[in-house]
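Just below is one structure, and these are the notes that go with it.
Values reported hereafter were calculated over all heavy atoms of this structure, with side chains retained and with hydrogens, waters and symmetry mates removed. Computed from a predicted model, the values in this text were never measured in an experiment.
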Amino acid sequence: ILHNMGEELQSSINQIIAGIISAIIVVSLFLLLSSGDILKSIITIITIPITTGVTIVIISLLNKQIDIVTLTGVGVGIGIIADSAIIIFSEDNFSHVIKPLLVSTATTIIAITPIFFLQGQNLLGIIAESFSILIIISFVIPVIFLPPFLSVIPQKVKKKETLKKHKHIINKMVSFL
């Protein structure tokens, strides 16, 4: 019996891509529901597919194969992409967050560095490599593109207004259930 491995491989890649898209949607919904500021959430959400796309382009430019393994490394990091944007928007002064963001990015990469030194061409090394590229890009894109938004988005919202907004949303969710 002949078995077409190409079709099976393409199906697996399509499943990983569907998983990445699903992760982006779930993280985006979580950001919208958990944030007190819809505008900041939307701007943060926009960084997720941009960062994912740029990461895949850079992996390709580095002559790395875009396959199940590299896409798995990208998929694992979807939740981390939003972290830099969330941190940038949490402070009034961008200069206060740049160093902690850089240190956070570096420690994540340092933590997975031993995987690069494992013997042979291993799947974990490829996943770690694509994950590391994603982590670096998830630092660079928000640092470059989000600071201009800081001057036009009000940073401080009165706690009372935020609580009212959350209470209203929670009441609607409870009444829906």
Side-chain angles (χ1 to χ4, degrees), residues 12-35 37-118 121-153 155:
S12 295
I13 289 173
N14 290 342
Q15 288 177 353
I16 297 285
I17 291 170
I20 290 171
I21 292 168
S22 296
I24 291 170
I25 291 168
V26 169
V27 168
S28 299
L29 287 172
F30 177 78
L31 285 170
L32 285 170
L33 293 173
S34 65
S35 174
D37 190 322
I38 299 297
L39 184 58
K40 287 181 184 178
S41 293
I42 291 171
I43 293 169
T44 300
I45 289 166
I46 290 169
T47 66
I48 297 171
I50 292 170
T51 301
T52 305
V54 169
T55 299
I56 291 170
V57 167
I58 288 176
I59 290 170
S60 180
L61 290 173
L62 292 172
N63 292 322
K64 304 292 180 182
Q65 194 172 8
I66 304 297
D67 58 13
I68 297 169
V69 182
T70 53
L71 290 175
T72 299
V74 172
V76 167
I78 295 297
I80 293 173
I81 294 173
D83 289 350
S84 294
I86 291 168
I87 292 168
I88 288 171
F89 281 139
S90 70
E91 277 290 326
D92 290 335
N93 188 339
F94 174 70
S95 64
H96 291 155
V97 297
I98 190 71
K99 186 176 179 182
L101 274 176
L102 184 58
V103 170
S104 174
T105 301
T107 55
T108 302
I109 293 170
I110 289 168
I112 62 171
T113 298
I115 295 171
F116 291 111
F117 297 106
L118 296 175
Q121 181 68 8
N122 63 68
L123 298 178
L124 288 177
I126 297 168
I127 291 171
E129 184 178 59
S130 59
F131 180 76
S132 295
I133 293 168
L134 177 104
I135 296 298
I136 292 167
I137 300 304
S138 71
F139 168 79
V140 171
I141 287 181
V143 165
I144 291 172
F145 294 106
L146 295 183
F149 290 105
L150 291 173
S151 62
V152 295
I153 296 174
Q155 291 295 315

Rounded to the nearest 0.5 Å, how far apart are OG of Ser34 and CG of Leu29? 10.5 Å
With no hydrogens and no angle check, is any side-chain donor or acceptor of Ser130 less than 3.5 Å from a backbone partner on Thr72? no
Would you name the heavy atoms of Ile88 and Val143 that are closest together and state the gap between them? CD1-N, 3.9 Å
Please round to the nearest 0.5 Å and tell me the distance separating atom CD1 of Ile24 and atom OG1 of Thr52. 4.0 Å
Leu39 side, atom CG; Thr44 side, atom OG1 - distance, nearest 0.5 Å: 9.5 Å
Nearest-0.5 Å distance, CG of residue Leu134 to CD1 of residue Ile78: 6.5 Å
Look up atom CD1 in Ile46 and atom CZ in Phe145, then write down how far apart they are to the nearest 0.5 Å. 12.5 Å
On a heavy-atom basis, which atom in Leu146 and which in Ala85 lie closest, and how many Å separate them? CD1-CB, 3.3 Å
Assess whether side-chain contact (heavy atoms from CB on, under 4.5 Å) is satisfied between Ile98 and Phe139, documenting all intermediate values. CA-CA 9 Å; Ile98 190 71; Phe139 168 79; 4.0 Å; yes
Between Ser60 and Ile56 (side chain of the first, backbone of the second, donor and acceptor by atom type, cut-off under 3.5 Å), is there such a pair? no
Would you name the heavy atoms of Thr47 and Thr51 that are closest together and state the gap between them? O-OG1, 2.7 Å
Do side-chain atoms of Asp67 reach the backbone of Thr70 as a donor and acceptor pair under 3.5 angstrom? yes
On a heavy-atom basis, the closest approach of Val97 and Ile87 is CG1-O, 3.7 Å
Could you give me the CA-CA distance, side-chain angles and deciding distance for Ile112 and Thr108, then say whether side-chain contact (heavy atoms from CB on, under 4.5 Å) is met? CA-CA 7 Å; Ile112 62 171; Thr108 302; 5.6 Å; no
Please name the pair of heavy atoms, one in Ile20 and one in Gly75, separated by the smallest distance, quoted to 0.1 Å. CG1-CA, 3.7 Å
Is the closest side-chain heavy-atom distance between Leu62 and Ile133 below 4.5 Å? yes
Where Ala111 and Pro114 come nearest, the two heavy atoms and their spacing: O-CD, 3.6 Å
Do side-chain atoms of Ser104 reach the backbone of Pro100 as a donor and acceptor pair under 3.5 angstrom? no
Examine distances only and state if a side-chain atom of Ser138 and a backbone atom of Ile135 form a donor-acceptor pair shorter than 3.5 Å. yes
Identified side-chain contact (heavy atoms from CB on, under 4.5 Å) counterpart of Ile59 within the set Val74, Ile126, Leu71: Val74
Just how far is it from atom OG of Ser12 to atom CD1 of Ile17, taken to the nearest 0.5 Å? 11.0 Å
Side-chain contact, heavy-atom cut-off 4.5 Å: Leu32 with Ile42? yes
Show the numbers, then the answer: is there a side-chain contact (heavy atoms from CB on, under 4.5 Å) between Val27 and Ile45? CA-CA 8 Å; Val27 168; Ile45 289 166; over 6 Å; no
side-chain contact (heavy atoms from CB on, under 4.5 Å) between Ile86 and Leu31, intermediate numbers included: CA-CA 9 Å; Ile86 291 168; Leu31 285 170; 3.6 Å; yes
